[in-house]
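To start, the structure itself, in structure tokens.
We count ligands from 1, going down the list as the structure has it; atoms in each ligand are counted the same way.
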Amino acid sequence: MTMSADPQKTFYLETFGCQMNVHDSEKVIGTLVHEGYRQVETVEQADLILYNTCSIRDKAEQKVFHRLADYKKLLAQGKKFGVLGCVAQQEGEKIFERAPYVSLVCGSASYRNLPQMLIQLETGKQAGKPEAGKPLRVTGLDDRETDECFETEFTARTNPHRGYITIIEGCDKFCAYCVVPFTRGKERSRTSDSVLAEARQMADLGYTEIQLLGQNVNSYKDPAGKPGGKKTFAELLAAVGEVPGIRRVRFTTSHPRDFGRDIIDAIDAVPALCDHVHLPVQSGSNRVLNAMQRLYTREQYLERIAWMKAAKRDISITSDMIVGFPGETEEDFADTLSLLDKVGYDSVFTFKYSPRPNTPSLALEDAIPDEEKARRLEVLMTRQKEIQIIRYKKYIGAISEVMVEGKNEARGQWIGRTSQNKTLNFTAPNSSAPKVGTYVSVRATVSFPNSLLGEMVV
Ligand code: SAM
Ligand code: SF4
């Protein structure tokens, strides 16, 4: 058999990595559907198999190459393969050497060119080099300098109640360990007018929750607005929160260097802005922060935390931390642990340092053995778990509004999410079973390290 028997062109897309990738995939799906393709659930049904890849840590890209190797046998069935996203941008044409059956390699800064690339794939013609007998190779690898964002009206959002909006793409911070500035291009913001138009369109479609996305959302710089109407990030946040019909606005990720007090003022002033800030710190040691080129000190970071704690609303704070960065001593690590105690996070994503191609820290010796990184990670996670047990306990008895996200039939519990981004599952009498996507009040009765359980208030 060659290709699927389906008269319509079909594609299968698998996504690895962060929320930015998940949302990019929604835009890619929308674009492909607009170009006449139909999304299918299995590789067997698909003519075109796409991987939207992540390269933030070493294992992420290995996973992609393993997956590609698994599917090599499908080449004989006439299927075509494409690698999208960060591994595509990072490895570029080397992917064709490692996996010669791949026909398309496209980084995120080139997605706007996907329709033309699809035509090249279908006609079997490569731009500029239509050589007979050679494998088909279509590439979309932009240099870092593109000014364009991937704006499309065809985004295929999977959830009908809450959805992402990208406000800023790329990154210019160049933290010593991070591959993102090399894989996602330079920092470029969308206009506030275009973001607000998308928010209003989503509200019209019935969405009530919007999450503004970017590697550093708060580095947002409005390239243009109505005359005299360029918005700061805090102003844009407030404006999205004031769109009629929108009940919750989240934003991720924020960079501590660009985190202004005006963001907290906006959260205090606009009820739709969620009381949750994700503010990655990476390390509690000034020496390590400096080596990481993070552009702030522990003291400056704690000043921002103090603003949050002084807010009128109870703002939940979460973070990212890396252990085992080159040269991290026991003393540096102790500073990270003491920061955990000082801030009182509701959740922390913890990572072992992983050397990445092109990054400045690649020149530093990765001298901390993996077992030691694993030990520090374990100590960090254990300490954070103890903190969360105490923090979550204090919500017992409290009533919170949750968005109903689904039902766990096996447990007979509804799945709810609070404005603080906490999972608050709950029971409800059959007579007043809530609908997914609605908002209900729940009293928490039991706490766990990562979630709460409660009863719907009827
Ligand atoms: N822009 C965000 C910031 O500045 O905090 C982070 C974006 S990055 C996609 C998500 C997280 O991955 C980072 O906060 C960091 O903790 C982790 N990370 C990035 N590069 C890493 C590396 N080389 N090794 C381990 N963790 C890494
Ligand atoms: Fe990576 Fe730093 Fe940019 Fe975040 S700010 S994406 S960690 S380079």
> Got the closest protein heavy atom to atom 7 (S) of ligand 2, with its distance?
Replying inline: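 Minimum-distance protein heavy atom for atom 7 (S) of ligand 2 reads Y177 OH, 3.3 Å.
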
> If we ignore angles and hydrogens, is there a donor and acceptor under 3.5 Å between the side chains of E151 and S194?
Replying inline: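 Indeed, the side chains of E151 and S194 share at least one donor-acceptor pair under 3.5 Å.
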
Could you tell me if the side chain of [Y] sits less than 4.5 Å from the side chain of [X], heavy atoms only?
X	Y	answer
D346	K422	yes
R313	I267	yes
E97	E93	no
L452	Y392	yes

>> If we check salt bridge (Lys or Arg N to Asp or Glu O under 4.0 Å) with E209, which of these qualifies: R417, R250, R157?
In response: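 Going through the options one by one, the only one that passes is R250.
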
> In terms of side-chain geometry, is the basic nitrogen of R376 or E372 positioned less than 4.0 Å from the acidic oxygen of its partner?
Replying inline: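 Salt bridge between R376 and E372, a charged N being under 4.0 Å from a carboxylate O: yes.
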
> Below 4.0 angstrom, N of the basic side chain to O of the carboxylate: do R98 and E91 qualify?
Replying inline: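 So R98 does not pair with E91 through a salt bridge.
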
>> Is R294 close enough to touch ligand 2? Criterion: a residue heavy atom under 4.0 Å from a ligand atom.
In response: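 Yes, R294 has a heavy atom closer than 4.0 Å to ligand 2.
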
> What protein N/O/S atoms sit under 2.8 Å from atom 3 (Fe) of ligand 2, by chain and number?
Replying inline: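 Under 2.8 Å from atom 3 (Fe) of ligand 2 - ignoring waters, which are not counted - the protein N, O or S atoms are C171 SG.
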
> Under the ring-ring contact (aromatic ring centres under 6.0 Å, His included) test, which residues partner F154, sequence neighbours left out?
Replying inline: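 F154 satisfies ring-ring contact (aromatic ring centres under 6.0 Å, His included) with H34 only.
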
> Residues in salt bridge (charged side-chain N to carboxylate O under 4.0 Å, His left out) with E242, at least two apart?
Replying inline: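 Testing E242 for salt bridge (charged side-chain N to carboxylate O under 4.0 Å, His left out), a comparison that skips the adjacent residues, returns none.
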
> Under a 4.0 Å heavy-atom cut-off, what residues line ligand 1?
Replying inline: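 I56, R57, Y177, Q215, N216, T253, H255, P280, Q282, R294, D320, I322, F351, K352, Y353, S354, R356.
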
